[in-house]
Amino acid sequence: MTIREVQTILDARLLTGEDSLDKEVLSACGSDMMSDVLAFVKDQAVLLTGLCNAQVIRTAQMMDILCVVFVRGKNPTEEIIQMAAESGITVLGTDHRMFSACGMLWEGGLNGGAGYDKFH
Amino acid sequence: MTNSTELLYVISGEDFASAGEASTSFKNELKKLNVSPEVIRRASIAMYEGEINMVIHAYGGTARVTVDDKDIKIVLADNGPGIEDVEKAMQAGYSTATDGIRDLGFGAGMGLPNMKKYSDEMTIETHEGEGTTVTMIVHREPEVS
Ligand SMILES: Nc1ncnc2c1ncn2[C@@H]1O[C@H](COP(=O)(O)OP(=O)(O)O)[C@@H](O)[C@H]1O
Ligand SMILES: [Mg+2]
């Protein structure tokens, strides 16, 4: 799935990263807890989150995440958008809630990446 | 004689918004040193979790990084309260973080487990009331097994 398709499926606003809309994404991860995101390493991933601070973008930078989607109508500040732009991360905003947004992408063919980590 | 690069970061404990700046710049340095992308990602995540811990659980601290041909070594030192029970702290999900910290997206108790998972070697030295030093080593080449 391309980032452009993610945008269409989620009826999302493009906040930065026009040039990257045709990049291919292979998996997605949805969470408001950044350490849960950091526990998951997948290539060419999308991060969906309801958290709206600079740490979301830093987390995406550390993990080479291609696209961040802010759910539930959250609007990141100009500073956060700028930070993402500088590291080539596409930022989308959707009014859908987390559960729905994840479900819509899953239905569209994106998944969580193969397998999961067993902690216990 | 092997090539070796030293990096030093001072991490402020004052301001959560800037937490992670050291890790961002560390990651850029590793790129310049031609470390492989997968190793950079692992080392950066480990460093980032450690940096966040120093900000939310201690009062900031320092990160000393040494990169040579074989390893990336990260030494995170703080003068914070120390870790009372390291074994407990290492458990996935164990956290003493406040709700305020959780609202900022951290405090899920996955930081130390993530650091252990992404580094090849990790040691914690801690003294109550004095501080904590976490040392992590990430090999530049995966070991053949
Ligand atoms: N540098 C540190 N100084 C003091 N306590 C720490 C430090 N790092 C971790 N801890 C303790 O270990 C616990 C577990 O850490 P971690 O796994 O990173 O989870 P979290 O940061 O989400 O609470 C923390 O809640 C805290 O009590
Ligand atoms: Mg932590």
Side-chain angles (χ1 to χ4, degrees), chain A residues 23 26-27 29-66 68-72 74 76-89 91 98 113 115-120, chain B residues 11 15-28 30-31 35-53 55-57 74 89-95 97 99-119 138:
Chain A
K23 278 190 192 160
L26 302 176
S27 62
C29 168
S31 183
D32 291 353
M33 295 306 275
M34 291 303 108
S35 290
D36 284 342
V37 178
L38 290 159
F40 142 112
V41 166
K42 295 288 180 299
D43 280 319
Q44 293 171 255
V46 182
L47 166 61
L48 296 98
T49 186
L51 183 72
C52 202
N53 63 25
Q55 304 309 328
V56 172
I57 305 302
R58 292 232 169 76
T59 298
Q61 287 172 345
M62 294 309 136
M63 303 197 68
D64 304 316
I65 280 172
L66 294 182
V68 171
V69 182
F70 290 103
V71 300
R72 297 199 296 274
K74 292 277 159 61
T77 61
E78 202 44 55
E79 201 184 338
I80 293 175
I81 297 173
Q82 195 51 40
M83 232 174 112
E86 277 162 22
S87 36
I89 297 166
V91 180
M98 177 73 97
Y116 60 95
D117 295 323
K118 269 201 158 29
F119 282 100
H120 298 288
Chain B
I11 292 144
D15 159 34
F16 180 78
S18 64
E21 275 174 7
S23 301
T24 304
S25 107
F26 164 73
K27 186 169 188 185
N28 289 332
L30 293 186
K31 281 184 196 159
V35 177
S36 79
E38 194 45 47
V39 172
I40 291 180
R41 180 154 62 179
R42 285 171 44 214
S44 304
I45 296 172
M47 164 93 166
Y48 181 52
E49 287 281 18
E51 184 180 354
I52 294 282
N53 276 356
V55 176
I56 65 180
H57 302 300
I74 303 167
M90 286 303 303
Q91 287 170 7
Y94 176 84
S95 176
D99 287 345
I101 294 296
R102 266 183 275 278
D103 288 343
L104 296 168
F106 286 87
M110 294 307 296
L112 289 172
N114 280 347
M115 289 156 75
K116 173 130 185 106
K117 172 174 155 187
Y118 292 120
S119 58
V138 179

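Quick note on labels: first sequence line is chain A, next is B, and so on, each numbered from 1.
A distance of 11.0 Å separates CD in A:Glu86 from CD1 in A:Ile57, rounded to the nearest 0.5 Å. To the nearest 0.5 Å, the span separating CD1 on B:Ile56 from CZ on B:Arg102 amounts to 9.0 Å. The line from NZ of B:Lys27 to CE of B:Met47 is 12.5 Å long, rounded to the nearest 0.5 Å.
Only the side chain of B:Tyr48 comes within less than 4.5 Å of a heavy atom of chain A; its backbone N, CA, C and O stay farther away. With a 4.5 angstrom heavy-atom cutoff, B:Ala108 touches chain A via backbone and side-chain atoms both. Heavy atoms closer than 4.5 Å to chain B are found in both the backbone and the side chain of A:Asp64. If you measure heavy-atom distances from B:Ala19 to chain A, the contacts under 4.5 Å come from both the backbone and the side chain. B:Phe26 does not touch chain A: none of its heavy atoms, backbone or side chain, sits under 4.5 Å away.
Under a 3.5 Å cut-off, the side chain of A:Ser87 and the backbone N or O of A:Ile89 do not form any donor-acceptor pair. For B:Lys117 (side chain) and A:Ala39 (main-chain N/O), a donor-acceptor pair under 3.5 Å exists by modelled atom type.
Heavy atoms only, all atoms of each residue included: A:Phe70 and A:Leu51 are closest at CE2-O, 3.1 Å. Among all heavy-atom pairs drawn from B:Glu38 and A:Val41, the shortest one is OE2-CG1, 4.2 Å.
Chain A forms more heavy-atom pairs under 4.5 Å with one residue of B:Gln91, B:Arg42, B:Glu21 than with any other, namely B:Glu21. Contact count versus chain A (heavy atoms, under 4.5 Å) is highest, among B:Ile40, B:Leu104, B:Asp103, for B:Leu104. If you tally non-hydrogen atom pairs under 4.5 Å between each of B:Ser18, B:Pro37, B:Gly93 and chain A, the highest count goes to B:Ser18. Options A:Glu79, A:Arg58, A:Gln61 differ in how many heavy-atom pairs under 4.5 Å they form with chain B, and the most are formed by A:Arg58.
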